[in-house]
Amino acid sequence: AFQYLSSLGCWSSMSVWFHTWKPLVVMLLAFPMPAYAFGLTGAGLTTCLLMLADTDVFVEEGCIKKLRSLMICRGAKPYCLAPMTLRSWHQGGQPDTEELPLQAQVLGITE
């Protein structure tokens, strides 16, 4: 973006900014991107901190209480250290795909 604006002569003459639309579009598209990146990074870190503190932002409790719950990582146990259980995608009454050939052999439907 800087190189293109330099090749247009935007840094040496202000008349380029008023005679063509290209410098304005380059400024609008290229330079807000780092600000969005910092904003999204900050939002992600804030969400992680709220999760570790196990804090509800809509409940009015003191800042000291929220900071204390962050320091002891109250949300680490339920969100990060809890045991995981995996469930299958099939319905309860339907057999697994591994069981179908076995049922076909039992019923005598094999090819």
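Not measured: the values here are computed from a predicted model.
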Looking at Val16, Thr20, Val26, which hits side chain to side chain contact (heavy atoms under 4.5 Å, CB included) with Cys10?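 When Val16, Thr20, Val26 are each tested with Cys10, the side chain to side chain contact (heavy atoms under 4.5 Å, CB included) holds only for Val16.
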Can Trp11 be reached from Tyr4 by stepping across I, L, V, M, F, W or Y side chains whose heavy atoms are under 4.5 Å apart?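 Yes; tracing contacts between hydrophobic side chains, which count when under 4.5 Å, links both residues.
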Please tell me if the side chains of Asp54 and Ser69 come closer than 4.5 Å, counting only heavy atoms from C-beta onward.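 When only atoms from C-beta onward are counted, Ser69 and Asp54 do not touch, as no gap falls below 4.5 Å.
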Looking at side-chain heavy atoms only, is the closest gap between Leu70 and Thr55 below 4.5 Å?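 SC-SC contact between Leu70 and Thr55 ruled out.
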Side-chain cluster (under 4.5 Å, hydrophobic types only) that Trp21 belongs to, other residues: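 Cluster partners of Trp21: Val25, Leu29.
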Remaining members of hydrophobic cluster (4.5 Å side-chain criterion), Leu24: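 Via sub-4.5 Å side-chain contacts, Leu24 links to Leu28.
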Output all residues satisfying side chain to side chain contact (heavy atoms under 4.5 Å, CB included) with [X], sequence neighbours left out; order by chain, then residue number.
X: Tyr36; result: Pro32, Met33
X: Lys65; result: Glu61
X: Ser15; result: Ser13, His19

Report the residues that fulfil side-chain hydrogen bond (donor to acceptor under 3.5 Å, both in side chains) with Ser12, sequence neighbours left out, ordered by chain and then residue number.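 Counting only residues at least two positions away or on another chain, Ser12 forms no side-chain hydrogen bond (donor to acceptor under 3.5 Å, both in side chains).
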Work out which heavy atom in Ala53 is nearest to a heavy atom in Lys66; give both atom names and the distance.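 It is CB-O, 4.3 Å.
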At what distance, to the nearest 0.5 angstrom, does CD1 of Ile72 lie from NZ of Lys77?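 If I round to the nearest 0.5 Å, the distance is 12.0 Å.
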As an exercise, state the distance from CH2 of Trp17 to CG of Leu8, rounded to the nearest 0.5 Å.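 Here the rounded value is 9.0 Å.
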Please check this pair: side chain of Thr47 against backbone of Ala43, looking for a donor-acceptor N/O pair closer than 3.5 Å.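 A pair under 3.5 Å: yes.
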